[in-house]
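To start, the structure under review is shown below, and the notes come after it.
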Amino acid sequence: MKNNKIFILLPDGVGLRNFAFTNFYENAGSQGFDVSFWNNTPFDLSEMGFKEHKITHSKSHALTDLVKRARNQIDLNQNIKRSGDKVYDRYRFPLSYKGFKTALKSSFVRGLISVFDSEKGIATLRKRITFLERKTPYYTNCLETLRKENPAIVFCTNQRPLTAIAPIVAAQDLGIPTATFIFSWDNLPKAMMVIETDYYFVWSSHMKKELLYYYPYIADKQVFVTGTPQFEPHFDPSLLISRAEFFKTHGLDPETKYICFSGDDITTSPNDPQYLSDTATAIRKLNEKGHKLGIVFRRCPVDFSDRYDAVLESNKDIIASIAPAWEKMGTNWNTILPLKEDMALQINTIAHTEFVVNLGSSMVFDYVSFGKPCIYVNYEVLDSNFPKWTIEKIYKYVHFRSMPEKTAVVWVNDPSEFEAKIKNLLQHHDQHVKAAADWFKVINQHPVNLASERIIDSIKTIITT
């Protein structure tokens, strides 16, 4: 390779876990690549031994966000038109009209939607976004960095942030190949594509089909199926500690079997505290019948609220809270960033608990990586403070249609079912683990622990052809 320099663009903290805290950097270096992080996060990656180029003043054009919001709504409209399926309406966030400036912006977005609501209109808005970003000082700074460093490729870790547009457009204007990683299993049906690159890296063949379906302007040859590095650490034995050490560190009772309750963010599951309380009630009943069980509560990493406090206090004899090792560096969800030590914390939480209870998250795949099952909560909360929210909305999202068998998880359809289903799952879970493993094969390319190698091999293919 004449030019072996890879720029890993971190437009926000989402990509840290996949590309800075896994073995990706070391693996790429061992294959002769010179990897540098183009870093727009508050982390000082140089202190961790990484090469980095800090991004400063990453301010997008004032109109870009408005055009992007209009495009998102039009993409969802086109998904409905393409499929005849109204499910895509569930992904919408309503426009706000609180305050004069906000109302003015929303009116502008609505005007764009009315004018450009077609495939041809989407193409026009895509061009408008790049036009606007080329007008910014941020774009000019990106050009300067790229001319100076001359990377062979710019690889973006996240397809969603506005702050990724200018660096990608600058690279393309200089003839540098660009690629992006689709970072989450549910992003494509939600119309969350913000940047346009020369190549796209996806988790699975299933995700590739989704990408080509939702974005017809992308060609088959532009897409690489690699898997995601986020599950690789589950197969790294060096991160594991003994059960005794884990229990001692976190003040757990060595005579107790623990299940994990994995919290969701407040938007996804506003009734999560009640679900945790219902789980605790079932555990208490089982303990009264001779079991010795407890709950490890791992909150959603971006949830720093006090909404669980009352439940945790009233059940402190059976619930142990082990907070994720994440740090709040801003007000938005994508400025709450993982610390490297959270990787080992999560892995040992999985390794030393029996199974996980949650509402519809990808933790099912984390647990099945350890041969352990998952319970999905699936009932409404009576007298909820969130009357407009319904759990029915969650499991009708498109990404759940990828589940080959409903037995991939244990469904708790009423709080009264918790006790029996927890008891049964402690004794019989092989059927559910097998079905969850089959689902995982649909969602993520196997072998799971070779994702970084496949990404590196695909980058090599791009820059050598």
Side-chain angles (χ1 to χ4, degrees), residues 6-9 14-15 17-20 22-25 27-28 30-31 33 35 75 79 82 152-160 164 168 177-236 362 364-366 368-369 397-404 408 435-465:
I6 302 174
F7 255 33
I8 304 296
L9 174 61
V14 168
R17 195 173 181 92
N18 283 330
F19 295 98
T22 62
N23 293 323
F24 175 85
Y25 188 87
N27 289 344
S30 68
Q31 294 200 33
F33 287 104
V35 180
D75 274 337
N79 289 348
R82 188 181 296 118
I153 189 171
V154 174
F155 180 92
C156 184
T157 58
N158 178 0
Q159 85 288 352
R160 289 177 58 166
I168 292 298
T178 60
T180 192
F181 181 70
I182 310 300
F183 85 93
S184 184
W185 68 314
D186 65 347
N187 276 185
L188 292 173
K190 292 160 72 173
M192 289 297 183
M193 185 77 75
V194 172
I195 62 172
E196 294 184 36
T197 52
D198 303 305
Y199 301 96
Y200 299 84
F201 288 56
V202 297
W203 291 25
S204 62
S205 297
H206 170 79
M207 188 181 276
K208 178 178 180 178
K209 290 177 182 177
E210 284 189 320
L211 180 67
L212 297 177
Y213 177 75
Y214 292 120
Y215 300 96
Y217 58 83
I218 296 174
D220 183 278
K221 65 182 179 181
Q222 293 177 267
V223 186
F224 290 89
V225 176
T226 60
T228 175
Q230 78 181 59
F231 300 110
E232 286 185 332
H234 297 343
F235 302 89
D236 182 354
S362 62
V364 59
F365 306 126
D366 295 288
V368 82
S369 296
Y397 283 141
V398 173
H399 59 288
F400 290 111
R401 298 177 183 177
S402 62
M403 188 188 295
D438 290 340
W439 189 18
F440 196 19
K441 289 175 184 176
V442 173
I443 291 298
N444 189 51
Q445 182 76 4
H446 282 50
V448 178
N449 61 325
L450 299 181
S452 287
E453 291 186 24
R454 288 190 290 265
I455 291 171
I456 294 164
D457 287 343
S458 299
I459 288 173
K460 187 182 295 184
T461 297
I462 292 169
I463 66 179
T464 58
T465 55

Close side-chain approach of [X] and [Y], heavy atoms under 4.5 Å:
{"X": "Phe24", "Y": "Ile8", "answer": "yes"}
{"X": "Trp439", "Y": "Val364", "answer": "yes"}
{"X": "Val14", "Y": "Thr157", "answer": "no"}
{"X": "Val448", "Y": "His234", "answer": "no"}
{"X": "Ile443", "Y": "Ser402", "answer": "yes"}

Trace of the side chain to side chain contact (heavy atoms under 4.5 Å, CB included) decision for Gln31 with Asp457: CA-CA 9 Å; Gln31 294 200 33; Asp457 287 343; 3.7 Å; yes
Find the distance between [atom1] ([X]) and [atom2] ([Y]) and round it off to the nearest 0.5 Å.
{"X": "Ile463", "Y": "Tyr199", "atom1": "CD1", "atom2": "OH", "answer": "11.0 Å"}
{"X": "Tyr200", "Y": "Cys156", "atom1": "OH", "atom2": "SG", "answer": "11.0 Å"}
{"X": "Met192", "Y": "Asn158", "atom1": "CE", "atom2": "CG", "answer": "10.5 Å"}
{"X": "Ile462", "Y": "Asp198", "atom1": "CD1", "atom2": "CG", "answer": "8.5 Å"}
{"X": "Phe155", "Y": "Ser458", "atom1": "CZ", "atom2": "OG", "answer": "9.0 Å"}
{"X": "Phe181", "Y": "Thr197", "atom1": "CZ", "atom2": "OG1", "answer": "12.5 Å"}

Using the salt bridge (Lys or Arg N to Asp or Glu O under 4.0 Å) criterion, which residues pair with Asp438? Sequence neighbours excluded. Lys434
Checking side-chain polar atoms at under 3.5 Å, does Asn444 have a donor or acceptor matched by the opposite partner on Ser204? no
Before you tell me yes or no, could you show the steps for Leu211 and Ile218 under side chain to side chain contact (heavy atoms under 4.5 Å, CB included), namely the whole-Å CA-CA distance, both residues' side-chain angles and the distance that decides it to 0.1 Å? CA-CA 8 Å; Leu211 180 67; Ile218 296 174; 3.8 Å; yes
Worked verdict on Asp75 versus Met193 for side chain to side chain contact (heavy atoms under 4.5 Å, CB included): CA-CA 9 Å; Asp75 274 337; Met193 185 77 75; 5.7 Å; no
Would you check if the side chain of Arg454 reaches a backbone N or O of Gln445 as a donor-acceptor pair within less than 3.5 Å? yes
Side chain to side chain contact (heavy atoms under 4.5 Å, CB included) between Val35 and Phe19: does it pass, once the steps are laid out? CA-CA 11 Å; Val35 180; Phe19 295 98; over 6 Å; no
Taking all heavy atoms of [X] and all of [Y], pick out the closest pair and write down the distance.
{"X": "Ile182", "Y": "Trp203", "answer": "O-NE1, 3.1 Å"}
{"X": "Met207", "Y": "Ser184", "answer": "CE-O, 3.5 Å"}
{"X": "Thr22", "Y": "Pro229", "answer": "CG2-O, 3.7 Å"}
{"X": "Val225", "Y": "Ser205", "answer": "CG1-N, 3.7 Å"}
{"X": "Ala436", "Y": "Ala408", "answer": "CB-O, 3.4 Å"}
{"X": "Ile455", "Y": "Phe201", "answer": "O-CE2, 3.7 Å"}

Tell me the side chain to side chain donor-acceptor pair (under 3.5 Å) pairs involving residues 213-233, sequence neighbours left out? Arg71-Tyr217, Tyr88-Tyr214, Lys208-Asp220, Glu232-Ser452
Can we call the ring centroids of Phe440 and Phe365 under 6.0 Å apart? yes
